[in-house]
Amino acid sequence: MQRVKRRLAAIMCADVAQYSKLMARDEDGTLDRLKAYRSVMSSMTGRHNGRIVNTWGDAVIIEFTSVLEAVQCAVDIQNELLHRNSELPDLNKMEFRIGINLGDIMVEGDDIYGDGVNVAARLQEIAPTGGIMLSQSVYDQVKTKMALGFEPLGPQQVKNVADPVETYSVRMGGRNTPQESTAAQNEDGADMPGSTSDRPNWDKDTQAVANGFEQARRWLRAQPRKVRSCVFMIGFFFVLNLLTSGLSTLWFVWPSLPFAVMLVWHFIVGRREKAIDSQLPPGD
């Protein structure tokens with residue numbers, strides 16, 4: 001009897017959120033977008049030295065030899081799809097959930113099996129829409145090596161896995177830093193002069209600012225082009241105001257007024273359209 005081949009690998013599973021509703025609403029358009037988005041995923045996979053193992057329906061399984069490459073590939077995919085979705089109406093946006101696990105897998109030809117794959121698939125199922133869910137084994141490898149934030153979600157009981165799985169959601173744009181060393185403290189427990197505890201917690205403040213900018217950037221990229229143009233023009237006049245008059249005279253309000261009116265009009269009409277859509281019968 002031939003012995004089964006095994007190896008350690010990082011496995012990414014990706015799946016379309018609300019796929020059945022998208023298909024029920026627009027089969028042709030949904031299939032076209034799925035093909036286009038899979039092409040993006042294939043390009044990103046090759047760039048990060050991954051291998052697409054299988055695709056069925058709206059799901060994709062990708063194998064990586066590097067955990068860091070797997071996570072970076074997932075981040076790049078979600079960022080690119082976010083940009084593409086920003087040009088689409090809300091009803092037509094196609095968003096993926098991604099799960100990543102590092103584990104032992106069984107190999108048979110080009111296919112892979114085992115708990116390493118199963119856990120990745122279950123993490124994908126509980127990942128936020130447009131988000132990335134990691135197992136403990138993946139988090140341990142990337143937590144101090146990537147410019148990302150990680151939200152611990154605790155142990156999750158998932159289907160066909162005996163023990164609860166520790167999970168972490170990726171919060172793009174933040175940074176995890178190692179804990180400050182306490183070696184600067186003296187034997188009495190008092191901090192030595194010039195130790196890190198005497199300085200403000202700049203890392204925490206910097207991370208908060210970075211997260212704020214990242215959330216604003218992601219929100220802006222998700223908006224239609226006309227919204228981004230209006231925000232850009234208002235920001236341009238504000239910066240010009242600061243450079244020429246400081247804050248003593250806020251003249252930027254007047255040239256920005258038409259763009260502000262366009263923004264208000266867009267969001268009022270958008271809410272009405274969403275309210276109408278919410279009254280429509282849901283798809284399958």
Side-chain angles (χ1 to χ4, degrees), residues 1-17 19 34 37-78 80-81 96-128 130-148 150-172 176 178:
M1 183 176 180
Q2 186 176 4
R3 186 175 181 180
V4 176
K5 295 181 180 179
R6 291 180 175 272
R7 62 171 173 252
L8 188 67
I11 306 300
M12 175 198 301
C13 287
D15 189 81
V16 179
Y19 181 69
L34 181 60
Y37 286 14
R38 275 185 174 170
S39 178
V40 170
M41 298 174 78
S42 177
S43 175
M44 297 291 184
T45 298
R47 189 178 305 172
H48 292 282
N49 301 313
R51 179 179 74 94
I52 294 180
V53 177
N54 205 341
T55 60
W56 70 93
D58 58 315
V60 180
I61 293 182
I62 306 174
E63 178 189 0
F64 296 86
T65 55
S66 166
V67 184
L68 269 68
E69 293 283 8
V71 176
Q72 188 60 58
C73 181
V75 171
D76 291 347
I77 287 172
Q78 293 293 33
E80 177 61 25
L81 298 189
F96 280 76
R97 293 184 298 255
I98 294 179
I100 305 177
N101 179 48
L102 172 65
D104 189 73
I105 60 173
M106 297 184 293
V107 183
E108 184 176 324
D110 291 333
D111 292 329
I112 57 177
Y113 307 93
D115 284 344
V117 181
N118 186 38
V119 171
R122 301 311 174 190
L123 288 173
Q124 170 271 126
E125 293 176 355
I126 61 175
I132 305 167
M133 189 73 73
L134 310 179
S135 66
Q136 181 75 53
S137 57
V138 174
Y139 171 75
D140 288 341
Q141 294 294 318
V142 303
K143 60 183 177 181
T144 60
K145 299 175 183 177
M146 302 185 71
L148 298 171
F150 303 95
E151 201 72 37
L153 300 180
Q156 304 288 329
Q157 189 68 56
V158 296
K159 185 178 179 181
N160 296 334
V161 177
D163 298 324
V165 179
E166 288 287 343
T167 56
Y168 297 82
S169 178
V170 174
R171 177 167 37 83
M172 289 176 279
N176 279 10

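Proximity of Thr45 to Met12: side-chain heavy atoms (C-beta onward) are nowhere separated by under 4.5 Å. Put simply, the side chain of Leu134 reaches to within 4.5 Å of the side chain of Val170, judged on heavy atoms. Counting only heavy atoms from C-beta outward, the side chains of Val71 and Ile132 never approach each other to under 4.5 Å. Within the 4.5 Å cutoff, the side chain of Ile61 has heavy atoms near those of the Ile11 side chain. No side-chain heavy atom of Asn49 sits under 4.5 Å from any side-chain heavy atom of Thr65. The side-chain heavy atoms of Arg122 and Val165, taken from C-beta on, include no pair separated by under 4.5 Å. Using a 4.5 Å cut-off on side-chain heavy atoms (C-beta onward), His48 and Asp76 make contact. Between Met133 and Ile126, some side-chain heavy-atom pair lies under the 4.5 Å cut-off.
Summarising the local packing, CD of Glu108 is surrounded by 12 or fewer heavy atoms from other residues, nucleotides or ligands at distances under 6.0 Å. Shown here is Asp15, whose CG atom has more than 12 heavy atoms of other residues, nucleotides or ligands within 6.0 Å.
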side-chain contact (heavy atoms from CB on, under 4.5 Å) evaluation trace for Val119 with Val158: CA-CA 8 Å; Val119 171; Val158 296; 5.8 Å; no
Audit row: Asp115, Asp104, side-chain contact (heavy atoms from CB on, under 4.5 Å) steps and yes/no: CA-CA 7 Å; Asp115 284 344; Asp104 189 73; over 6 Å; no
Intermediate values then yes/no, side-chain contact (heavy atoms from CB on, under 4.5 Å), Ile77 and Phe96: CA-CA 9 Å; Ile77 287 172; Phe96 280 76; 5.9 Å; no
CA sep, side-chain torsions, deciding dist, call: Ser137, Asn101, side-chain contact (heavy atoms from CB on, under 4.5 Å): CA-CA 7 Å; Ser137 57; Asn101 179 48; 3.4 Å; yes
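Sorted by first and then second residue, the pairs that involve residues 42-71 and meet salt bridge (charged side-chain N to carboxylate O under 4.0 Å, His left out), not counting sequence neighbours, are Arg7-Glu63, Arg51-Glu63.
Of all the heavy atoms in Ala70 and Phe64, the pair that sits closest is CB-CD1, 3.5 Å.
Under the side chain to side chain donor-acceptor pair (under 3.5 Å) criterion, Gln136 pairs with Asp140, Tyr168, sequence neighbours left out.
Interatomic distance, OG1 of Thr55 versus CZ of Arg38, reported as 4.5 Å (0.5 Å rounding). For the atom pair CG of Asn118 and CD1 of Ile105, the computed distance is 13.0 Å after rounding to the nearest 0.5 Å.
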